[in-house]
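Indexing begins at 1, ligand by ligand and atom by atom, following the structure's order.
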Amino acid sequence: MSERTNMTDDIYFAPLLPWQQVLWSQLTQRVLAPQQSLPHALLAAGMQGMGKRAFVWRLVAWLLCRVRDEHPLGACGHCESCQWLRSGTHPSLQALPLISLPVSGDNAYNQEIASSTAKDKKSTKTASNASLKIKVDDIRALQPFIYQGGQGMRICVLDHAEKMTIAAANALLKTLEEPQAQVYLFLISDAPSQLLPTIKSRVQQLALQRIDPAISLDYVTQALGSTVNHREAVGAAAIEQLIQLANGAPLAAITLAQAPWYSKRALWLTTWQALRSGKRSSVAASDYWQTQLGIIEFIQLSELMLLDMRRVSLGFDALQKDVKLAEILQDNEPSESVIEHFSYSLQQTKIALQQNVQEKFAYDNLMQELVSL
Ligand SMILES: [Zn+2]
């Protein structure tokens, strides 16, 4: 079995995520029932790490499967349609932007949370979707496929739908207003607030956002327990903390646990304290951290620490109970404006890195800023 085949298996034929079971049976029963069908346009929206893309690609595979009636729990994996998906050449499936086609990108789980898991310097420059745009010509290029008529179901998937330009959104709107028999559109968005209201009002949102905390806890526990390279067994309190830090998104919690920077939070606090007390110079701290983490990862780590500092400054408890953040803040709490200033520096550093600023230079600057946090 080739690597590519394994990858499509992960996407189209993966086990259903446990918190999506109810929605899955509702939708599939609706498709299988006589006289009923799916809405022509569906939106999978919500924060990263909840499994939106996993759900959509799995449902797409099932809808296209030739023997779906006999396989209500997921595409069969063997029929002609499933074979086409495996080879990435399904004639009844179109996806935008092109990087979203599972066979040409990361798997759907990882892609969903790619922005928080940049693994090397190269990917820190390319993982960002900031420059991604879905243009009007991209939408127009779909039209012949949508309007070709004929037998059988056809499906379009628009990932990162919020990245449509206004012209692209207007072109899509026309399509949404003229639903074609047997044509289904799936929109996926991590930032649905950026979608045009006129688009949102013409698509039916999939109820993917409510996740039972007990199911989430169970899933993350099992996933981390079975991760071979995970350093040690993770306790229940640690897992609850991960889920809280990931805003309740189970897949994001798992990614967080596996991020190389997550285990360096105590070290970050030690450095911060040493810088503030003058026990360590910013140059020494910079040299040291450059051996520990890539700059993007250091920024992610710093953003997490700032998140909790903000919480404390607003009178909430720190989410992180396994490091001495709350204790340190009791003695010396940075003001809100200082927190905001450091946060701004982190954002500026990200922009500078995209413009090819040297990592060492960026690290030196950030450590200087950290002295006065
Ligand atoms: Zn099949």
Measure the shortest side-chain to side-chain distance between N365 and T349 over non-hydrogen atoms and say whether it is less than 4.5 angstrom.
no

Side chain to side chain donor-acceptor pair (under 3.5 Å) against Q292, all qualifying residues, sequence neighbours excluded
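Listed in chain order: K264.
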
Contacts of the Zn ion (ligand 1) with protein N/O/S atoms, counting only those under 2.8 Å
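Atoms qualifying: C65 SG, C76 SG, C79 SG, C82 SG.
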
Full working for ring pair (Phe, Tyr, Trp, His ring centres under 6.0 Å) between Y363 and W289:
CA-CA 8 Å; Y363 242 131; W289 275 93; 7.4 Å; no

S286 and Q290: side-chain donor and acceptor closer than 3.5 Å?
yes

What closest approach, in Å, do A45 and Q205 show between heavy atoms, and which atom pair accounts for it?
CB-NE2, 3.8 Å

Lys/Arg-Asp/Glu bridge criterion (N-O < 4.0 Å) met for K135, D138:
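Looking at D138 together with K135, the answer is no, because their closest N to O distance does not fall below 4.0 Å.
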
